[in-house]
Amino acid sequence: MKIKPLSNALGAEVTGIDLRQPQDPDTIKALQSAFVENLVLVVRDQEDLSPEDQMRFCEFFGPLGARARPADDRPEKADAPAEVMFVSNRKEDGRFIGSLPEGEMQFHMDQCYTERPARATCLYGIAIPEKGGDTVFGNLCAAYEALPKDLKAIVDSSRARHVFSYGSTSTDQVDDAGKTTEYVQPMAVLQPETGRPSLYVSRLMTRQITGLEDAAAREVLDLLFDHQERPEFLYTHKWRRGDLVIWDNLCTVHARTDFDPAQDRHLRRFTVAGAPLKAA
Ligand code: OGA
Ligand code: MN
């Protein structure tokens with residue numbers, strides 16, 4: 001197995017491993033430390049990975065997370081594991097078979113609007129469009145460290161409200177969608193393994209800073225979003241079929257670029273369960 005960095009910001013590429021096979025303890029340890037260090041792992045060339053293989057990989061990083069299922073969701077196929085979700089634009093009987101089927105998606109952390117956001121999210125690339133549909137990752141620990149003093153003081157002492165409605169890919173849709181879920185989180189969140197603070201806000205889901213007037217909060221949040229989305233904190237993942245990607249969902253933020261909806265894009269998704277977040 002070889003592990004090499006993908007950018008100056010975050011991310012490492014893992015090659016020379018076949019995850020259909022059980023792994024020895026040293027390999028698992030090496031994957032765990034590469035994950036803590038690089039925040040995103042891209043395991044290449046995983047042909048024909050079954051849901052069970054992907055679940056076993058996720059469990060190297062913690063217990064599997066339950067799938068959040070909206071009330072009107074279409075049940076997955078009877079033989080599919082309960083925790084699976086598809087990020088997919090495939091349709092059956094005129095309906096999308098999965099979630100987040102189309103379009104650009106703004107930066108966000110998964111499930112930040114709940115008490116226990118997923119510790120990690122794992123996507124497996126089954127069908128990839130020729131162009132676009134990239135996933136862009138941002139390093140929130142690096143973004144925190146580079147904050148100017150005045151913003152850092154606010155972040156260190158404040159909490160923010162995260163709001164989401166299922167399936168939204170931009171803030172204006174969250175507003176329109178009506179039925180929202182929300183949760184208040186520290187703005188500086190502790191990375192459990194390293195003790196580093198993470199700048200835990202995002203353009204898609206963070207709405208309000210507790211204790212600030214709306215306009216003042218808006219101004220601070222816009223500065224924080226622009227800061228964390230600076231190119232030096234980002235790695236853009238261009239998918240290949242057979243890529244297995246896992247990201248630290250506390251210390252990274254992610255977004256998706258637009259793609260041609262006529263092209264097949266089908267990814268299989270599991271999460272690693274998380275705990276309530278601690279302030280740094
Ligand atoms: C997700 C997600 C982005 C993508 O699965 O949580 O944001 O590239 N996916 O499809
Ligand atoms: Mn996401």
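Numbers for residues simply follow the sequence, beginning at 1. Start at 1 and go down the list; that is how both ligands and their atoms are numbered.
Near Asp110, meaning under 4.0 Å from one of its heavy atoms, ligand 1 places the atoms 6 (O). Taking every non-hydrogen atom of Val87 and a distance limit under 4.0 Å, the qualifying atoms of ligand 1 come out as 5 (O), 10 (O). Atom numbering of ligand 1 starts at 1 in the shown order; those under 4.0 Å from a heavy atom of Thr135 are 4 (C), 8 (O). Atoms of ligand 1 lying under 4.0 Å from any heavy atom of His108, numbered from 1 in the order shown and given with element: 7 (O).
The shortest contact between atom 1 (C) of ligand 1 and any protein heavy atom is with Arg269 NE, 3.4 Å. Looking at atom 10 (O) of ligand 1, its nearest protein heavy atom turns out to be Arg265 NH1, 2.8 Å. Among all protein heavy atoms, the one lying closest to atom 9 (N) of ligand 1 is Leu123 CD1, 4.0 Å.
We find the CG-CZ distance between Asp110 and Arg119 to be 12.5 Å, quoted to the nearest 0.5 Å.
Only protein N, O or S atoms were considered, and those under 2.8 Å from the Mn ion (ligand 2) are His108 NE2, Asp110 OD1, His254 NE2.
Both the sub-6.0 Å distance and the 45° axial angle are not jointly satisfied by Arg90 relative to the ring of Phe96.
Counting non-hydrogen atoms of neighbouring residues, nucleotides and ligands closer than 6.0 angstrom, the CG atom of Asp258 exceeds 12 such neighbours.
Ring-centre distance between Phe86 and His266: below the 6.0 Å cut-off. Under the 6.0 Å cut-off for aromatic ring centres, Phe35 and Phe61 qualify, their centroids lying closer than that.
Considering both main-chain and side-chain atoms, Thr121 never comes within under 3.5 Å of ligand 1 through any nitrogen or oxygen pair.
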Stepwise side-chain hydrogen bond (donor to acceptor under 3.5 Å, both in side chains) test for Asp214 and Gln208
CA-CA 7 Å; Asp214 280 1; Gln208 180 48 289; 2.3 Å; yes
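Contact annotation: the side chain of Ile28 approaches that of Gln32 to within less than 4.5 Å [non-hydrogen atoms, C-beta and beyond].
Not a single heavy atom of Met85 sits closer than 4.0 Å to an atom of ligand 1.
Residues satisfying the side-chain hydrogen bond (donor to acceptor under 3.5 Å, both in side chains) test with Asp150, not counting sequence neighbours, are none.
Neither side chain, Asp243 nor Gln46, offers a donor N or O lying under 3.5 Å from an acceptor on the other.
With respect to the salt-bridge test (charged N to carboxylate O, under 4.0 angstrom), the residues Asp93 and Arg95 do not qualify.
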